[in-house]
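By convention in this document, chain letters (A, B, ...) are assigned in the order of the sequence lines, proteins followed by strands, and residues within each chain are numbered from 1.
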There are 2 protein chains.
Amino acid sequence: MKGNSAARPSRRERPAKPALTREGIVATAVDLMRAEGLERVTMRRLARELDTGPASLYVYVRNTAELHAAVLDELLAGVDLSPATAEGDWRERLVRLLMSYTELLFEHPGLARSAVAARPFGKHFLNLTEAVLSLLHEGGVAPDRAAWLLDALLQYGTATAAEHAWRGADEDSQNEEDWEAMAAGVMGASERTHPRIAALGALLLSGSPQERLVWGFHVLINGAAHTPVPDVPRPL
Amino acid sequence: MKGNSAARPSRRERPAKPALTREGIVATAVDLMRAEGLERVTMRRLARELDTGPASLYVYVRNTAELHAAVLDELLAGVDLSPATAEGDWRERLVRLLMSYTELLFEHPGLARSAVAARPFGKHFLNLTEAVLSLLHEGGVAPDRAAWLLDALLQYGTATAAEHAWRGADEDSQNEEDWEAMAAGVMGASERTHPRIAALGALLLSGSPQERLVWGFHVLINGAAHTPVPDVPRPL
DNA sequence: ACCTGAACACCGTTCAAGT
DNA sequence: ACCTGAACACCGTTCAAGT
């Protein structure tokens, strides 16, 4: 019998029960998210996955928010940073880089939401930051504007991902209904009480999330070139 | 004795137990949020406040997200729309209007977070939209750009409110700690591995949320003037 | 010193059964 | 027809007590 059943006492079929360390916990959390979505990555569920009680996790992770932040940073390993060192117009490359970041988040809107509430600052986030700053440097953006623009760009991408959970993709009829209700509300605005809304009409709902995203990135980049930072920002 | 104890059988001291209608439910939810914060505005807690069981609320409200959206729209009644019809530079007035919106949200970061996930479209939100659009119209912003810029501006304000929960205000030592941890992380970035982060240093953390907010609004407004919307946006 | 069982204080949502 | 008690299936976090 080809069995190796004696090797591990049948504790379940977990593919290699990771050690109870911060790394093991976060890695298991990432797997769990990939398999069942962020909403299942709870302290209790994760503890069950690791064959222990929830209290044990609090030795390595301060709370659920910190856990989710760690998961996000892990995910950020997947951002394509290559545009930072590629050929071509720096603006286009910057937008490509930011799109790579945002598209990753689009697949995990729950994580994007937690990133809006508290931007992470793990290893991979730092690498992303460095890449954005080096492109802004290459483009000759002044340091004070670059510092503020960095945040605006990442926040814009993050917030956009948190909002549209891939609208246009099939399924998800709940959101589809909501969207149609809103479209009806906007389109039904009276010309008398809301003349500007009525005047723009369908224009208000035009464009895909991606088209608007790219446009927004360019607006921020172009706008920063025309908007000085006030005074001397207080140096911390 | 001066008692009016017979008037109402002592059901508790609720100040006028509202009727069980959508309006009554939302009004009670707003009161509850003002008194105890959004995190207490749960279906169960709200039901208790209304002397009924949670199931009853589902007759009037589809779910918690819809409840929070209704609370937010109610809150938006407090936005100061007067800059839309005041004297002076349209850009300054637009930023004033947007600051009024954002400052309201700053006091209820939980609501701001739910607004990032699903922008509302109630009565007061529609009024805010109309006011922003009328200022963009006054400023001569082309209709297609105005339609997209509107969303970018509101999203930027909303996301900013969702993030900084009034940092700098006293208390809230938890967030303060987090912020210092991040500051340490950013400032400690090696000059060898992250040269641009090291080069900018304290500049990355400079400015108050309000200063950055105002700057960001101007960046978006100025940027839109220099960034055409692509092609013909598909008309719904 | 390190870990955790059990408890505390909650959740959202559904549905069968009542009026 | 309208409403809701009770149940289902969960939560985060703490702390006293064990090893």
note = Assign each of B:Arg44 and A:Glu39 the nucleotide of DNA chain D bearing its closest heavy atom; nearer the 5' end lies the nucleotide of B:Arg44
request  = Report yes if some heavy atom in the side chain of A:Leu81 is under 4.5 Å from a heavy atom in the side chain of A:Val79; otherwise report no.
outcome  = yes
inquiry  = Quick check: do A:Leu213 and A:Phe106 have side-chain heavy atoms less than 4.5 Å from each other?
reply    = yes
request  = Can you tell me the distance, in whole Å, between the CD1 atom of B:Ile25 and the C1' atom of D:dC3?
outcome  = 12 Å
message = Taking A:Glu66 first and then A:Arg22, would you say they form a salt bridge - that is, a charged N and a carboxylate O separated by under 4.0 Å?
response = yes
note = Separation of C:dC10 atom P from B:Glu36 atom CD, nearest Å, is 11 Å
query = Quick one: which of D:dC3, D:dC11, C:dT13 gets closest to the side chain of B:Val59?
reply = D:dC3
message = Does C:dC3 have its OP1 or OP2 closer than 4.0 Å to a side-chain nitrogen or oxygen of A:Ser56?
response = no
ask   = D:dC11 phosphate, OP1 or OP2: any side-chain N/O from A:Thr64 under 4.0 angstrom?
value = no
note = Taken to the nearest whole Å, CG/A:Asn63 to C1'/D:dC11 is 14 Å
request  = Return yes when atom CD of A:Glu36 has more than 12 non-hydrogen atoms of other residues, nucleotides or ligands closer than 6.0 Å, and no otherwise.
outcome  = yes
key: Contact state string [nucleotides 14-19 of chain C, B base, S sugar-phosphate only, - no protein heavy atom under 4.0 Å]   = BB----
ask   = Do the non-hydrogen side-chain atoms of B:Leu20 and B:Ser56 ever get within less than 4.5 Å of each other?
value = yes
key: Smallest separation among heavy atoms of B:Ser100 and B:Asp80, with atom names   = OG-N, 2.9 Å
remark   = Rounded to whole Å, the CG-C1' distance (A:Leu67 to D:dT13) equals 14 Å
query = Rounded to the nearest Å, what distance is computed from the CD atom of residue B:Glu66 to the C1' atom of nucleotide C:dT13?
reply = 14 Å
ask   = How many angstroms lie between CG in A:Leu204 and CZ in A:Arg196, if you round to the nearest 0.5 Å?
value = 10.0 Å
ask   = Between A:Asp151 and B:Arg212, does at least one N-O distance fall below 4.0 Å, as a salt bridge requires?
value = yes
request  = Report yes if at least one side-chain N or O of B:Thr52 is closer than 4.0 Å to OP1 or OP2 of D:dT4; otherwise report no.
outcome  = yes
query = Whole Å only: how far is the CG atom of B:Leu57 from the C1' atom of C:dC11?
reply = 14 Å
request  = Tell me yes or no: between the side chains of A:Tyr156 and A:Thr102, is some donor less than 3.5 Å from an acceptor?
outcome  = no
request  = Using the P atom as the reference point in each nucleotide, state the distance between C:dA9 and D:dC10 in Å, no decimals.
outcome  = 23 Å
query = Expressed in angstrom and rounded to an integer, what is the separation of A:His68 atom NE2 from D:dC11 atom C1'?
reply = 12 Å
B:Arg40 CZ - D:dG12 P separation (whole Å) = 16 Å
ask   = Can you give the dot-bracket line for DNA chain C, using ( ) for pairs inside the strand, [ ] for pairs that cross earlier ones, | for pairs with another strand and . for unpaired bases, where Watson-Crick and G-U count if both distances are under 3.5 Å?
value = ||.|||||...|||||.||
